[in-house]
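To keep things clear, I will list the structure first and then write my remarks on it.
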2 protein chains.
Amino acid sequence: MSLSQLRYFVTVAEEGHVGRAASRLRISQPPLTRQIRGLEDELGVTLFRRTPRGMELLPAGERFLDAARDVLAGVDRAVALARTDAGGPPRPGGRG
Amino acid sequence: MSLSQLRYFVTVAEEGHVGRAASRLRISQPPLTRQIRGLEDELGVTLFRRTPRGMELLPAGERFLDAARDVLAGVDRAVALARTDAGGPPRPGGRG
DNA sequence: TGAGGTTACGCCTATCGTAATAATG
DNA sequence: CATTATTACGATAGGCGTAACCTCA
């Protein structure tokens with residue numbers, strides 16, 4: 001499980017369409033399909049129902065979507081907290 | 001930034017020692033050092049102070065530690081939620 | 001036939017482990 | 001010299017893109 005997989009999953013869930021999601025993520029469909037598939041495989045849970053119209057979120061997927069968004073938001077929060085200037089010395093080569 | 005980096009960081013923070021942290025993580029010191037360094041570089045923030053006795057958490061590191069734990073807990077929660085049996089069909093080849 | 005998701009294959013990057021190096025006291 | 005973190009170098013695994021394939025209506 002990786003943060004990329006979580007981002008990919010959220011995008012596919014939002015678009016309901018691998019092609020559109022891939023476009024938004026600036027990657028091609030195959031790696032996106034594989035990552036979603038790998039995520040499902042690792043979880044042991046089917047997150048989407050494949051239809052001729054696209055990807056339909058299953059109940060397990062909806063529950064996971066909520067938690068995945070929380071994780072990604074937590075990452076942003078962590079980064080912001082670390083970068084909060086509170087007397088820490090700047091790194092040489094940092095964006096300072 | 002990766003979930004591995006977050007796990008590595010939390011372990012080093014808890015041990016205050018790259019060697020012990022690496023042992024707990026079942027990897028060797030060099031990759032652990034590199035991942036911590038890469039994390040600091042990506043954040044643009046120094047998280048630890050290197051001393052002859054080990055790794056000492058700086059203020060930015062303490063703030064990040066709290067948030068990193070939250071992220072990792074969120075991942076566990078997401079997995080548990082997805083696996084919550086609520087009528088979802090089992091995957092063929094799953095761990096059933 | 002058309003739309004959409006999936007699999008096969010090759011390339012590139014990232015990560016790991018072993019060995020060697022630098023700093024501290 | 002002893003301890004700890006870091007860098008150099010080669011091997012392995014994972015991710016991406018192009019091309020080809022399967023499924024459904």
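So you know, we letter chains A, B, ... as the sequences are listed, proteins then strands, and number each from 1.
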Is a donor-acceptor contact shorter than 3.5 angstrom present between the side chain of A:R34 and the base of C:dG5?
-> no
Could you check B:V10 against B:F64 for side chain to side chain contact (heavy atoms under 4.5 Å, CB included), going step by step and ending with a plain yes or no?
-> CA-CA 9 Å; B:V10 170; B:F64 190 71; over 6 Å; no
Look at A:Y8 and D:dC16 and indicate whether a side-chain polar atom (N or O) is within less than 4.0 Å of OP1 or OP2.
-> yes
Starting at atom CZ of A:R7, determine the distance to atom P of D:dC16, rounded to an integer number of angstrom.
-> 13 Å
Give a yes or no on whether the backbone of A:L81 and the side-chain of B:R63 come within a donor-acceptor separation of less than 3.5 Å.
-> yes
Once you round it to whole Å, what is the distance between C1' of C:dG5 and CG of A:L47?
-> 16 Å
Taking the side chain of B:S28 as heavy atoms from C-beta outward, which of D:dG17, D:dT6, C:dT18 is closest to it?
-> C:dT18
Would you indicate whether A:R24, at its atom CZ, is surrounded by more than 12 heavy atoms from other residues, nucleotides or ligands within a distance under 6.0 Å?
-> yes
Rounded to the nearest Å, what distance is computed from the CE atom of residue A:M55 to the C1' atom of nucleotide D:dT23?
-> 14 Å
Could you state the CD1-P distance from B:I27 to D:dA11, rounded to the nearest angstrom?
-> 21 Å
Gap between atoms CZ and P, on B:R20 and D:dA5 respectively (whole Å) = 12 Å
Minimum-distance nucleotide (side-chain atoms of B:P52 versus C:dT18, C:dG25, D:dG17) = C:dG25
For A:Q5 and A:Q29, take the nucleotide of DNA chain D holding the closest heavy atom to each; which residue's nucleotide lies nearer the 5' end?
-> A:Q5
Test side chain to side chain contact (heavy atoms under 4.5 Å, CB included) on B:E42 and B:Q5 and set out the steps.
-> CA-CA 11 Å; B:E42 183 176 345; B:Q5 278 177 319; 4.2 Å; yes
Any side-chain N or O of B:R53 under 4.0 Å from OP1/OP2 of D:dT3?
-> no
Let me know the distance between CD of B:E42 and C1' of C:dA14, rounded to the nearest Å.
-> 13 Å
B:D76 CG: over 12 foreign heavy atoms closer than 6.0 Å = yes
How do B:Q35 and A:T33 order along DNA chain C: which one's closest nucleotide is nearer the 5' end?
-> A:T33
What about A:R37, does its side chain sit under 3.5 Å from the base of C:dG5 through a donor-acceptor pair?
-> no
Take atom NE2 of A:H17 and atom P of C:dT6, then tell me their distance rounded to the nearest Å.
-> 12 Å
Closest listed nucleotide, where the reference is the side chain of B:P30 and the choices are C:dG5, D:dT6, D:dC16 | D:dT6
May I have the distance from A:D41 (atom CG) to D:dG14 (atom P), rounded to whole angstrom?
-> 13 Å
